[in-house]
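The shown structure was predicted, so the numbers you read here are calculated from the model rather than taken from an experiment. So you know, we letter chains A, B, ... as the sequences are listed, proteins then strands, and number each from 1. Heavy atoms only: backbone and side chains are in, while hydrogens, waters and symmetry mates are out.
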Amino acid sequence: MTITKHCKVLFMLFKMKLSKNMAFRFSFFGVCFVDGSLFLIQLLMFSSIYSQVGNIGGWDKQEMLFFIGTFSLINALNMAIYFFGIITIPNKIKSGELDLYITKPINTLFHLTFESIDLGSVPLIFASIGILGYAVSGMSIQITAVNIIGYSFLVILMLLLYYDLMVILRTLPFFVIQANSLERLEGELATLCFKIPGTLFKGAFKVLFYLILPYGIMATVPTQFFIGTLTPLGFLYSICVVGGFTLFTLLLWKSGLKFYKSASS
Amino acid sequence: MRKYIETSKLLFKNQLVYRFDIIISMVFTVSKILLAFVLWGTIFGNQKVVVGFTFSAMLSYYVISSFITQLDQSSNAGWQISTEIKNGSFSKYIIKPMSILGYFTAQTFGISAFLVVFNLLAASLWVLVFRIDFTFTSNLSLIAAALLLILLGLLFMIQLNYYIGILAFRFVDTSVFMMIKDNIIQFLTGALIPLTLLPAGIIKVMMVFPFYYISYLPSMLLIGRNGGEIVLGIVLLIGWNGAFWILNHFTFKKLIYKYEGVGM
């Protein structure tokens, strides 16, 4: 399938989802309100802590604000683009509904990824950009085109990493049927790592959150790049981690599909 | 009263079926302690005392607060009510010869009673794993007051979740309300940070509302602080419980007429 055809399919999926969402107007911006309240609480939490301390592990208040804004942005993009499509995968494997996707003349993962684009999360993207803008206004760094381009590149990269981790955990039901606990584990770890910068982890926790389940680098690395504390090695490491996880995701998905036994899975 | 006690007993026994789920939930309480350990460990690396807390007192606060928060499973009751109203299966409660709020109260207390043992185990485990020099009061009156506040707080949370649940008669889908409530309550009850970190003016305002007394005050009492707030806490929680009982009674009476029992 060519890129043009994929774009056409993407547009159709978006149109279908939009008309479906419009039927429940009250819930349309639900995600935005829910996640918005979550970030507001996090801002309050750190404001309270910074009223008592000057910095946390070398992160001052504005840098932490930028970190929260980055997390909020990655999360908002994730919610808007693929979150609601990916979370349905385990159920579709269990019920055999995946048959409908496999038999269509379109890449199955592509279809599942983009079938539930959520326009209701878009305001959260703008709110996150607002937080970033407010954080930057209090910083004494010079903003250059390199800063913005590099930061945007890393945000997209981390969005891909978040996608990889989501797909990996939701591909496991091909092999183990029930993986609810793993999904809960993902929720807990992602929430934990989006609350504090990854640089605060030490020892075994650093290995866990930087390599095995790299939630710790997601909001940290783009923030570090923007504020100028990311080393070239750190930059390279992030690219390697995302590359490695993307490759693993695709291989796992492929072997998962081979393992799929329709409704008896 | 006996039928409610039987309901509690039944739900207590039911939990045995979901042993694995309970153990997993127990293990996941580590994320809160780990967050506190990493975050406050970094902060206390530079200073010995923050708002009167030493590192061990701070971690003890989080262990106790996490224990109390885990006991409150009333949010599930709220989701259950909302979902069953939405899909039309709520009718089974209407025909039961018992108060619906009473039924859900008994159900939540049954589950919480079961969780006490598991949560105590989890709390002890995290104290050992993170080598916390655990701070716990030996003052029996503080412990008794904390237990009373926990009970009253649990009762209030049941009523709050019941209220949001029955709003489904009017709005059909209350999941957005439930999730926003869960996010806000985490902060207001002091599960994220000890409320003493907030400015004094804000704390004074928060003391008028019940959330201050649900988890934060009992946790502080159990580490031997805030003893002077016990009477105010008990009186306010009784008052808020009464107010929500009336609110729930009238809201249910008003909205039940919108229920068609067919689901969607």
Side-chain angles (χ1 to χ4, degrees), chain A residues 23-59 64 120 178 180-206 208-209 216, chain B residues 20-21 23-25 27-47 49-53 58 86 130 167-168 170-200 202-203 264:
Chain A
F24 298 97
R25 280 181 289 272
F26 182 70
S27 302
F28 189 73
F29 291 111
V31 176
C32 185
F33 289 128
V34 172
D35 282 16
S37 67
L38 189 73
F39 298 119
L40 191 70
I41 294 300
Q42 206 178 343
L43 288 175
L44 281 171
M45 174 181 148
F46 278 105
S47 293
S48 311
I49 295 174
Y50 277 107
S51 68
Q52 306 294 330
V53 297
N55 74 76
I56 302 173
W59 292 69
M64 191 62 86
Q178 274 286 13
N180 293 357
S181 304
L182 284 170
E183 283 176 43
R184 280 182 65 187
L185 177 73
E186 179 205 34
E188 292 286 334
L189 294 182
T191 309
L192 169 71
C193 290
F194 279 152
K195 273 188 180 139
I196 44 175
T199 51
L200 301 190
F201 292 112
K202 302 274 181 280
F205 293 125
K206 189 125 197 172
L208 178 65
F209 295 126
Chain B
F20 181 71
D21 210 41
I23 291 167
I24 291 292
S25 305
V27 171
F28 287 159
T29 56
V30 73
S31 66
K32 279 180 193 157
I33 314 294
L34 181 59
L35 172 68
F37 184 76
V38 174
L39 180 65
W40 290 103
T42 310
I43 293 169
F44 279 99
N46 300 330
Q47 50 197 103
V49 178
V50 178
V51 284
F53 280 88
M58 185 64 85
K86 193 176 166 187
F130 292 100
L167 284 181
R170 168 81 179 80
F171 298 105
V172 184
D173 185 3
T174 57
S175 55
V176 172
F177 296 144
M178 290 297 286
M179 286 188 272
I180 292 175
K181 182 261 312 166
D182 285 341
N183 287 343
I184 295 173
I185 288 244
Q186 267 196 78
F187 183 77
L188 294 181
T189 56
L192 288 177
I193 47 161
L195 298 179
T196 184
L197 285 165
L198 299 173
I202 293 178
I203 294 179
M264 62 173 289

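For A/Leu40, no part lies under 4.5 angstrom from a heavy atom of chain B. Using a 4.5 Å cut-off between heavy atoms, B/Ile180 contacts chain A through both its backbone and its side chain. Contacts of A/Tyr50 with chain B are absent, with no heavy-atom separation under 4.5 Å from either backbone or side chain.
Looking only at distances, no side-chain donor or acceptor of B/Asn183 sits under 3.5 Å from a matching main-chain atom of A/Asp35.
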Kindly determine whether A/Val53 and B/Phe44 satisfy side-chain contact (heavy atoms from CB on, under 4.5 Å), including the steps that lead there. CA-CA 10 Å; A/Val53 297; B/Phe44 279 99; over 6 Å; no
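Separating the CD1 atom in B/Ile193 from the CD1 atom in A/Ile49 is a distance of 5.5 Å, to the nearest 0.5 Å. A/Ser37 OG to B/Asp182 CG: the interatomic distance, rounded to the nearest 0.5 Å, is 9.5 Å.
The two residues A/Ile56 and B/Leu39 have their closest heavy-atom pair at CG2-CD1, 3.9 Å. When all heavy atoms of B/Leu192 and A/Ile41 are compared, the closest pair comes out as CD1-CG2, 3.2 Å. Annotation for A/Gln52 and B/Gln47: closest pair O-NE2, 4.2 Å, computed over non-hydrogen atoms. The two residues B/Leu198 and A/Ser48 have their closest heavy-atom pair at CD2-OG, 3.0 Å.
When the candidates B/Ile184, B/Val30, B/Leu34 are compared by the number of heavy-atom contacts under 4.5 Å with chain A, B/Leu34 comes out ahead.
Between B/Phe37 and A/Phe205, the ring planes lie perpendicular to each other; the angle is over 60°, past the 30° to 60° tilted range.
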